[in-house]
Amino acid sequence: MLTLADIVAARARIAGGIYVSPCVESIPLSQLTGAQVYCKLDYLQRTGSFKERGARNALLKLTPEERRRGVIAASAGNHAQGVAYHGNLLGIPVTVVMPQFAALIKVTNCRQFGAEVVLHGADLTAARAHAEMLAARDGLTFIHPYDNLDVMAGQGTMGLEIVEQIPDLDAVVVPVGGGGLLAGVGTVIKAMKPAVRVVGVEPEHAACLTAALAAGAPVTVPLAPTLADGLAVALLGTQPYASLRGVVDEVVTVDEATIALAILRLIELEKSVVEGAGAAPLAAFLGGKLASLRGKKVVLALCGGNIDLTMLDRVIEVGLVADGRLARFAVSIVDRPGGLARLAQVIAAAGASVKEIVHDRAFAGPDLSAVRVVCVVETTGHEHVRALHAELDKAGIGVVG
């Protein structure tokens, strides 16, 4: 069982190698959520993730012989980068096994940090099994990303910093993948500030902690694609679960649209580019899952910033749609000169901005005098979209889809 003493010792061990990230008040997020929000900016670590904490602690616990032989890790990105970076700093040979779908930038970063990268399997489960096989074959030490007490103790050092930076907090909201971070932070909070609420957040598409608590033990859950890919874990860690049962007050899930909206809000309001896993705590507020924390002093663990830039534009668009600021609708207009101009005039008069218009004659129906027009418009929100639809109706241009 993880203890506060383990985490305190880990902090002393990794001191000087890990950035003590700020925990700053966010006025715009406080206004948005109704809570007094502080953001723990652990995405500012060198590799963009809190995973460095556990990786460095585990590496420093190795025996001289284990250091000489080297280590191996399996990860889709953040844990791999943390092990690769700190292994390089400490002179320890590192091999990382990553799924074949891993983001190219994360693969490149691991290689730049000096690790040998092996791409294997369609998912993290296959990559981990291959890593364990290589560890046994080559005499390497396997460093599990979360089901490892040394890793958990390192992650828990974030909790020590939070308690010192915001000593009068009422709650801390932490994302959940395999459970290592939440177990570490929760252990600190409940040992030092037992009245503080510890809340875990996981994506609906990978709700392994919710399932474990319901079943009374870690159970495998089906996974679906999620923007919070860093939380896409099918089976909660056994060792994290042993600690989580006694330190977590509440677990909530968030959907994909709300995660995208949280990423968008952090970009706009905090000027912070945070990956889906790191944005999950804010998503819980935006999804109405944390109404009980309104008016409370709450710390959000924004613990990962390694979003795939090739996907960022799509994530932003999904967030804009969820926010009602990007809307698509279809109307039927007369197929003669002036019909499209009249539609554009109504949209402009309603204060919306046309992003795209597509004529659909082939599927407009049997009336050859009409044409179906699909419009994508930029608006200020859901209320504006409803007002635009009302103006179209008044102009005799009814929305048909």
Side-chain angles (χ1 to χ4, degrees), residues 26 29-30 32-35 37-40 42-43 49-50 76 78 146 171-182 185-186 197-214 221-234 236 240 244 248-270 272-294 296 298-308 311-312 314-325 382:
S26 171
L29 293 185
S30 297
L32 179 66
T33 63
V37 172
Y38 290 78
C39 296
K40 179 60 172 169
D42 227 50
Y43 65 87
S49 165
F50 76 97
N78 288 343
Y146 50 85
V172 59
V173 186
V174 181
V176 184
L181 176 63
L182 183 60
V185 171
R197 288 188 64 77
V198 176
V199 181
V201 182
E202 54 188 354
E204 290 179 352
H205 288 181
C208 64
L209 176 54
T210 299
L213 293 174
V221 299
L223 297 179
T226 174
L227 292 173
D229 58 326
L231 306 181
V233 175
L236 191 79
L244 286 170
V248 175
D249 296 295
E250 182 180 5
V251 182
V252 300
T253 61
V254 289
D255 60 44
E256 295 302 297
T258 310
I259 294 172
L261 183 57
I263 294 171
L264 179 64
R265 286 283 187 267
L266 288 165
I267 292 173
E268 289 187 315
L269 301 179
E270 284 298 308
S272 297
V273 180
V274 176
E275 63 185 278
L282 178 59
F285 266 113
L286 299 183
K289 301 296 183 72
L290 299 179
S292 62
L293 298 184
R294 291 180 64 87
K296 304 294 185 181
V298 181
V299 173
L300 305 182
L302 306 185
C303 52
N306 290 317
I307 192 167
D308 185 350
M311 296 289 290
L312 185 57
R314 292 177 59 187
V315 171
I316 291 173
E317 286 187 344
V318 171
L320 289 171
V321 171
D323 205 19
R325 291 160 57 191
H382 294 290

Next on the checklist: My understanding is that only one of L290, L182, V299 makes a side chain to side chain contact (heavy atoms under 4.5 Å, CB included) with V173; could you say which?
Outcome noted: L290
Which atom of [X] lies closest to which atom of [Y], heavy atoms considered:
X    : Y    : value
A211 : V221 : CB-CG1, 3.4 Å
P203 : T226 : CB-OG1, 3.7 Å
L302 : G278 : CD2-O, 3.4 Å
L261 : A322 : CB-CB, 4.4 Å
N306 : S49  : ND2-CB, 4.2 Å
A206 : A232 : CB-CA, 3.9 Å

Strictly distance-based, threshold 3.5 Å: is any side-chain N or O of [X] a donor or acceptor partner for the main-chain N or O of [Y]?
X    : Y    : result
E202 : L231 : no
S272 : V274 : no
K289 : T253 : yes
D249 : V199 : no
E256 : L227 : yes

Item to check | V254 vs V201, side chain to side chain contact (heavy atoms under 4.5 Å, CB included): CA-CA, chis, key distance, verdict | outcome: CA-CA 7 Å; V254 289; V201 182; 3.9 Å; yes
Working to the nearest 0.5 Å, report the span between [atom1] of [X] and [atom2] of [Y].
X    : Y    : atom1 : atom2 : result
R325 : I316 : CZ    : CD1   : 10.0 Å
L300 : T33  : CG    : OG1   : 7.5 Å
L282 : C39  : CG    : SG    : 7.5 Å
L312 : I307 : CG    : CD1   : 5.0 Å
Y146 : L181 : OH    : CG    : 13.5 Å
E268 : I263 : CD    : CD1   : 12.5 Å

Next on the checklist: Between F285 and L293, is there a side-chain heavy-atom distance shorter than 4.5 Å?
Outcome noted: yes
Item to check | Residue pair I259 / V318, side-chain heavy-atom distance below 4.5 Å | outcome: no
Item to check | Steps toward side chain to side chain contact (heavy atoms under 4.5 Å, CB included) verdict (L236, L244) | outcome: CA-CA 10 Å; L236 191 79; L244 286 170; 4.0 Å; yes
